[in-house]
Amino acid sequence: MKVNGTHYRSLWWDEDKGALQIIDQRWLPHEFRIQQVDTLKDFADAIVEMRVRGAPLIGATAAYGMALAARLDPSDENLQKAWEYLDKTRPTAINLRWALNLCRGHLMPLAVEDRAEAALRLAHEISDEDVDINYNIGQHGLEIIRRIAAGKSSGEPVRILTHCNAGWIATVDWGTATSPMYQAHDNGIPIHVWVDETRPRNQGVLTAWELGSHGIPHTYVTDNAGGHLMQHGLVDIVITGTDRTTRSGDVCNKIGTYLKALAAQANKVPFYVALPSPTIDWSVSDGVAEIPIEERAEQEVTHIQGLTPEGTIGRVQVTPNGTPGGNPAFDVTPNHLVTGLITERGVCKASAEGLAELFPDLARLAKSA
Ligand code: MRU
C-alpha cells in the first residue's frame, strides 16, 4: 500500500545492503521509521517489542530470521538453535511456528552449502505468497460487502466495524480484514469503517492511519462503543483478523474480539473473520482450552503513548502509583459466534466441515503428520 505516494510492503529485502528492512510500527502513526534488521537478536527483539506485529508479518519476519541464521552458520545445530530462539518470541500467533517449521523442514534435507541461498529464496516466497493470499481474501470479502451494498440506497455506505489492526502493515501487504475494505473502496462501493481503538496498545491507530492514507472514511471509537453502535443499527458487518484459528473454526484474536462477537450475535450483525490458511492450527480443536494466550507487560496497560503538544512521542501513566495491570493480549471467539471465515480460497462456515471442505489438502496433511 502507499505511504505519501510511495508503494511499500511492510518488510522488504534490500539487495544492495543484503539485509531486511522493516517499518518500525512502534512510532506510527506519528513517525514513519524504516529500520534495518541485521542480527538474530534484532529479529527476535523486533517481534517481541512489536516493531513488527500481526500474525502474517511475524511469520514472514521469522522466515528472514532463519535466512540470516542459515547465512551465518547453516549447520543443523545452528538452524535448530535459531528455530528455538525465534519460536519463543511470541506464543499466540501460529504463523510464527508455521513459518519456522516450513523453513526448518525445507532446509535440513539440503546440503549444508546450499542452505543459505535456499533459505533466502524461501523467505521471499513466503512474503510474496502472503501478498497473493491477502489479495484473494479481499476478492472474496469484497463479494460480501457488495451484497450488503446492494441492499442499500445508492451512495449509502456499508458500515464495517473492525478490531485491532489486521491491515497491510500486519501482513506483507493488503492486510486480511482490511483487504476487502480496500477492494470495496477501489471498486467504488462506499464504505465507512468504525475503528476500535484496541487498548492497551491502540493498534486501532494503525488501522486509522492505513485507511486514512487510502482515502477510506472511518471513525476511531473506544473499545466499549461497539455494542452501542450495533444496538442502534449503525454496523452492517464486523470483520476482524485472527492470530490462530482452530481446525473447528474457533478464532483467537486481539483481546476484546470476543466481546464484539457477543455483541454482534445479540444484535444480529454478521461477524466475519478474515484469515490466510497459515493461520489455521490443524493440531488444535478447542481454542479456549488449547491456545496459549500471550500475557504482556503491565506497563502497556498502566501507561499510554501518544503525541505531546511539543510534537514528540511520549508516554504517560494513567493508573495510580502501585495499581497492578493485567494484560492478556488475545482472546478466543468460539466458532458458533462467527458467521463465516473469509480465506484465500473462499468463504466457509467456521466449523471443522467448512474448513476441511475448503482446505482438504491441508486437513489431510495435518492428519497424516
Ligand atoms: O498483538 P498484535 O498487534 O500482533 O495482534 C494482531 C492481531 O490481533 C491481528 O488482528 C491478527 O494478527 C491478524 S493480522 C492480519
Side-chain angles (χ1 to χ4, degrees), residues 1 9-11 22-26 28 46-62 89-99 127 130-131 133-138 141 161-182 193 195-207 209-210 223 238-245 251-261 271-281 287 291-297 300-301 305 327-333 338 341-344:
M1 290 282 145
R9 284 184 172 185
S10 54
L11 98 189
I22 61 167
I23 298 166
D24 186 343
Q25 300 189 21
R26 292 171 301 174
L28 289 172
I47 297 173
V48 170
E49 294 167 3
M50 294 172 64
R51 297 180 221 159
V52 290
R53 42 149 299 282
L57 184 59
I58 293 171
T61 306
T89 50
R90 292 194 75 188
T92 302
I94 196 62
N95 306 56
L96 173 68
R97 182 159 302 171
W98 169 85
S127 298
D130 185 61
V131 178
I133 284 176
N134 298 328
Y135 175 79
N136 287 325
I137 287 172
L161 183 137
T162 193
H163 192 69
C164 195
N165 170 263
W168 72 265
I169 49 167
T171 64
V172 180
D173 208 347
W174 285 105
T176 56
T178 56
S179 186
M181 302 175 200
Y182 289 128
V193 185
V195 179
D196 284 352
E197 62 175 347
T198 318
R199 277 283 285 150
R201 285 188 72 108
N202 293 348
Q203 283 93 332
V205 300
L206 303 173
T207 305
W209 172 74
E210 280 194 22
D223 288 321
V238 179
I239 310 178
T240 75
T242 166
D243 285 80
R244 196 188 291 217
T245 309
V251 291
C252 181
N253 191 47
K254 182 52 57 194
I255 192 79
T257 304
Y258 174 43
L259 277 175
K260 296 299 167 316
F271 183 94
Y272 282 91
V273 176
L275 64 130
S277 56
T279 302
I280 306 168
D281 185 346
I291 297 178
I293 300 294
E294 178 178 12
E295 199 49 61
R296 290 189 63 86
E300 291 185 349
V301 180
Q305 174 175 299
N327 193 5
F330 299 94
D331 60 27
V332 173
T333 299
V338 180
L341 301 174
I342 310 170
T343 78
E344 71 268 28

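Both ligands and their constituent atoms are indexed starting at 1 by order of listing.
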SB check D223 R199 (cutoff 4.0 Å): no

The atoms of ligand 1 lying under 4.0 Å from a heavy atom of T171, numbered in the order shown, are 15 (C)

Would you mind telling me if ligand 1 is within reach of the side chain of C164, the backbone, both or neither, using heavy atoms under 4.0 Å? side chain

The atoms of ligand 1 lying under 4.0 Å from a heavy atom of R90, numbered in the order shown, are 1 (O), 2 (P), 4 (O)

Go through the steps for T279 and N95 under the test side-chain hydrogen bond (donor to acceptor under 3.5 Å, both in side chains), then give the verdict. CA-CA 6 Å; T279 302; N95 306 56; 3.1 Å; yes

Among V251, T242, T257, the residue with a heavy atom nearest to atom 13 (C) of ligand 1 is T242

Could you identify the single nearest non-hydrogen protein atom to atom 15 (C) of ligand 1 and state the distance to 0.1 Å? T176 OG1, 3.1 Å

Which atoms of ligand 1 are found less than 4.0 Å from any heavy atom of M50? 1 (O), 2 (P), 3 (O)

Around atom 11 (C) of ligand 1, find the nearest protein heavy atom and jot down its residue, atom name and distance. D243 OD1, 3.1 Å

side-chain hydrogen bond (donor to acceptor under 3.5 Å, both in side chains) assessment of T242 paired with N253: CA-CA 4 Å; T242 166; N253 191 47; 5.4 Å; no

Hey, which of R296, E294, E300, E295 is the one that makes side chain to side chain donor-acceptor pair (under 3.5 Å) with N327? E300

Expected output: side-chain T245 to main-chain V251 donor-acceptor under 3.5 Å: no

A quick test of your reading: do over 12 heavy atoms of other residues, nucleotides or ligands sit less than 6.0 Å from CZ of R97? no

May I ask you to decide if V172's main-chain N or O and D130's side chain share a donor-acceptor pair within less than 3.5 Å? yes

Check each atom of ligand 1 against the heavy atoms of Q203 and keep those under 4.0 Å away; list them by number with element. 1 (O), 2 (P), 3 (O)

Heavy-atom distances under 4.0 Å decide this one: backbone, side chain, both or neither, for P56 against ligand 1? side chain

Identify, by atom number and element, the atoms of ligand 1 in contact range of K254, meaning under 4.0 Å from any of its heavy atoms. 1 (O), 2 (P), 5 (O), 8 (O)

Applying the side chain to side chain donor-acceptor pair (under 3.5 Å) criterion to N165, which one of R53, Q25, Q203, R201 satisfies it? R53

Quick test: of every protein heavy atom, which one is nearest to atom 3 (O) of ligand 1, and how far off is it to 0.1 Å? R53 NE, 2.5 Å

For N253, the ligand 1 atoms with a heavy-atom partner under 4.0 Å come out as 7 (C), 8 (O), 9 (C), 10 (O), 11 (C)

Is there a donor-acceptor pair closer than 3.5 Å between any side-chain N or O of D281 and the backbone N or O of I94? no

Does some non-hydrogen atom of G175 fall short of 4.0 Å from ligand 1? no

Looking at ligand 1, does any of its N/O atoms fall within less than 3.5 Å of an N/O of A55? yes

